[in-house]
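What follows is a single structure, written as structure tokens, with notes after it.
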Amino acid sequence: MEISHSVALNKDLCKGCTNCITYCPTEAIRVSKGKARIITDRCIDCGECIRRCPHHAKIALPDSMRDLEKFQFKVAIPAPTLYGQFDKRFSIDRILTGLKHLGFDEVFEVAKAAEYVSDRIIQELAKPDKPKPLISSSCPACVRLVQVKYPELLDNIIRVESPMEIAAQIVREKYKDIKDLGIFFISPCPAKITSVKAPLGHDSSTVDRVLSIKDIYLPLLEAMSSNTEIEHLASASGRGVSWAVRDGETEAVKPISYVAVDGINNVSKVLEKIADGRLDEIDYVEVMACPGGCVGGALTVENPYICKSIVTAKILDLPESVIEPDNLEKIRLDWDTKIEPRQIMKLSDDFGEAIEKIQKMQMIQQQLPGLDCSACGAPTCKALAEDIVRGKAEITYCVFVLRERIRKLTNSMMELQEKMPPPIDNN
Amino acid sequence: MSKISKHFEIAGDKIDSMGEASSEIKKLLKTLGLPAQAIKRTAVSMYEAEVNLVIHGGGGEGFVEISPETILIRFEDKGPGIPDIDLAMQEGYSTAPDHIREIGFGAGMGLPNIKKNSDELTINSVVGEGTTVTIKIDLTKG
């Protein structure tokens with residue numbers, strides 16, 4: 001299966017250091033020949049490597065602002081995280097007006113759709129036969145993490161569409177008579193870009209293009225500086241906007257009991273607990289791959305904690321629920337395709353062969369120092385052992401094993417040197 | 001013979017590392033590409049048994065054997081033993097002290113939960129000597 005990605009490497013900037021490989025939640029990166037290499041089958045596009053790379057060599061692949069020219073009628077659907085990128089002098093109305101000055105004909109807030117999603121989740125939570133706990137599906141990186149590492153939890157994922165998709169559908173329906181309509185999502189993260197290119201839960205996305213907050217930041221700032229009248233465009237509630245931060249979704253959904261977790265590695269730990277059956281009594285688990293929630297997205301500009309503070313302050317000025325609800329009659333609120341596991345950890349399709357490989361891996365691991373130094377290019381000694389049995393590495397990639405072998409070789413050479421026949425005397 | 005054997009020494013006084021053995025096995029099963037349900041059943045059964053070993057047995061040893069047909073899990077402890085196994089199997093029956101219950105364990109669901117998730121559960125226990133719990137997960141049933 002070919003998987004479309006939105007995280008890539010800028011080879012010129014990569015120094016071949018080990019920052020990205022040690023933090024990747026799916027062990028999807030190796031350093032080889034001095035450059036990082038993403039194993040695309042394993043990548044979940046969470047953007048953790050973008051965040052960790054000190055050389056900015058990990059990049060996202062959003063669409064370009066120039067794509068606005070490709071459509072006649074352009075609608076921006078901004079993620080609520082955008083509101084937290086600019087301080088209180090920039091009201092939500094001002095930001096949305098700014099988007100129109102940038103070249104968009106209309107704007108529709110994803111936060112508004114988040115409110116409809118919240119209502120839909122409440123209905124799901126009320127069902128008596130639901131699996132426990134239900135896991136939020138709003139962060140696509142987390143859904144892909146489940147696909148890759150916790151396939152046994154796929155049934156726990158709530159099958160409700162994301163606010164982005166619902167917003168796009170509402171826009172598509174609202175302007176159905178307009179030809180050449182372009183819907184642009186303004187994204188805080190690469191995971192959402194991938195969700196448009198390779199959707200989860202439905203065959204194709206209603207979104208046409210995805211722009212990153214990073215790319216739009218300066219042009220938008222400039223568009224907002226011009227002294228034009230600010231239109232009254234904001235119509236989302238605080239309940240919807242709060243989805244940008246961790247706990248926001250949960251507060252909008254109000255489950256009886258819940259766990260809300262942010263940061264991809266923390267999410268892994270909580271998923272592990274669910275897999276162990278430790279959270280069977282909990283109703284809802286909100287999982288967000290980035291620190292602090294979407295405000296910590298790898299394609300944002302403002303610091304996540306400051307962004308959170310700004311968003312929270314802006315929410316105070318908002319109504320508690322949307323004033324003019326949209327007609328949702330023709331909107332598909334649920335996923336209509338199954339989420340399949342991505343069994344990337346599997347060593348072989350043949351069970352017996354997989355067992356043999358594990359045995360071999362265990363033997364190799366015993367020869368490795370267990371320092372997890374990553375100097376070989378794999379994140380841990382165990383990962384190197386796995387790469388070796390997969391035929392993708394040699395045990396001498398380990399500098400300690402190599403040093404030991406060279407020492408032995410040197411010793412035998414010295415030994416031989418002493419046992420050499422006397423040199424020929426020419427005199 | 002295609003079979004994997006794993007051995008674990010499980011400390012009775014390290015509550016923070018409780019579950020590490022089951023976690024390792026869970027990861028291993030994923031590299032074998034087992035179906036999600038089999039992984040889930042093994043993970044839950046083994047985790048519950050590992051918790052029991054730490055909380056009631058004071059630690060001990062774990063043995064796991066994986067073959068194409070079955071997963072066999074055996075936990076041995078030298079703890080106080082179980083005087084009445086039938087009673088211990090009842091949902092809600094627990095001998096866990098209050099401080100253990102307060103941290104969310106000892107609700108009397110451990111052994112019933114293992115029974116529910118596994119295909120065979122055997123408990124051999126001698127009061128004052130220890131307990132051996134053997135769990136079998138059948139992989140041929142899909």
Side-chain angles (χ1 to χ4, degrees), chain A residues 26-27 42 131-132 145-157 257 259 268-282 338-363 365 380 382-383 385-387 389-390, chain B residues 1-7 16 18-51 64-71 91 103-107 109-118 137 139-140 142:
Chain A
T26 56
E27 297 188 335
R42 292 189 169 203
K132 264 183 140 187
L145 181 71
V146 172
Q147 267 185 303
V148 161
K149 279 177 83 179
Y150 306 95
E152 67 271 37
L153 299 180
L154 281 171
D155 289 342
N156 294 63
I157 293 179
S257 59
V259 173
S268 277
K269 285 177 194 159
V270 170
L271 292 174
E272 196 81 33
K273 294 260 181 202
I274 302 174
D276 283 339
R278 292 300 304 161
L279 298 180
D280 290 354
E281 301 297 313
I282 299 286
K338 207 170 170 256
I339 306 278
E340 298 290 346
R342 268 165 66 187
Q343 286 190 318
I344 51 141
M345 305 293 170
K346 191 154 91 171
L347 284 165
S348 167
D349 285 331
D350 179 73
F351 197 88
E353 202 179 296
I355 286 188
E356 272 170 34
K357 284 190 174 170
I358 287 176
Q359 288 165 334
K360 211 173 144 196
M361 246 177 88
Q362 289 173 343
M363 262 150 54
Q365 251 183 289
T380 59
K382 194 179 171 191
E386 191 189 323
D387 287 355
V389 298
R390 285 185 195 273
Chain B
M1 185 74 161
S2 45
K3 201 185 261 183
I4 302 169
S5 304
K6 277 270 184 188
H7 172 240
D16 57 331
M18 193 164 71
E20 276 179 7
S22 2
S23 186
E24 195 182 324
I25 291 298
K26 194 162 47 175
K27 282 193 188 116
L28 199 102
L29 297 183
K30 284 174 193 175
T31 58
L32 284 172
L34 284 184
Q37 269 310 313
I39 296 175
K40 197 170 187 172
R41 293 199 298 131
T42 311
V44 172
S45 320
M46 186 168 167
Y47 181 81
E48 292 284 8
E50 193 180 343
V51 168
V64 181
E65 215 176 82
I66 305 162
S67 72
E69 296 81 31
T70 47
I71 300 173
E91 283 192 16
I103 57 168
F105 294 102
M109 296 304 289
L111 290 176
N113 215 2
I114 299 174
K115 193 161 178 63
K116 202 169 78 191
N117 281 286
S118 63
I137 310 275
L139 296 176
T140 55

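Since the structure is predicted, the reported quantities are computational estimates derived from the model, not experimental observations. The chains referred to below are lettered A, B, ... by the order of the sequence lines, with proteins before strands, and numbering in each begins at 1.
- Put simply, the side chain of I39(B) does not reach to within 4.5 Å of the side chain of Y150(A), judged on heavy atoms.
- The minimum heavy-atom distance linking E272(A) with S23(B) is given by the pair OE2-OG, 3.2 Å.
- Between the side chain of E152(A) and the backbone N or O of A43(B), no donor-acceptor pair lies under 3.5 Å.
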Evaluation steps, side chain to side chain contact (heavy atoms under 4.5 Å, CB included), between I4(B) and Q362(A): CA-CA 10 Å; I4(B) 302 169; Q362(A) 289 173 343; 3.9 Å; yes
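- Of the two parts of L34(B), the backbone and the side chain both hold a non-hydrogen atom closer than 4.5 Å to a non-hydrogen atom of chain A.
- The greatest number of non-hydrogen atom pairs below 4.5 Å with chain B, out of E353(A), E386(A), K357(A), K346(A), is found for K346(A).
- Side-chain contact between D276(A) and K26(B) is present, with heavy atoms from C-beta onward closer than 4.5 Å.
- At a 4.5 Å heavy-atom cutoff, the contact between S67(B) and chain A is made by backbone atoms alone.
- Under a 3.5 Å cut-off, the side chain of K30(B) and the backbone N or O of K149(A) do form a donor-acceptor pair.
- Contact detail for V44(B) and A275(A): the closest heavy-atom pair is CG2-O, 3.7 Å.
- For the salt bridge (Lys or Arg N to Asp or Glu O under 4.0 Å) test, no residue two or more places apart in sequence or in another chain qualifies with E340(A).
- We find the CD1-NZ distance between I358(A) and K3(B) to be 15.0 Å, quoted to the nearest 0.5 Å.
- Residues L32(B) and L347(A) have side chains not in contact (no heavy-atom distance under 4.5 Å, counting atoms from C-beta outward).
- Once rounded to the nearest 0.5 Å, the distance linking OG1 of T31(B) with CD1 of I344(A) reads 11.5 Å.
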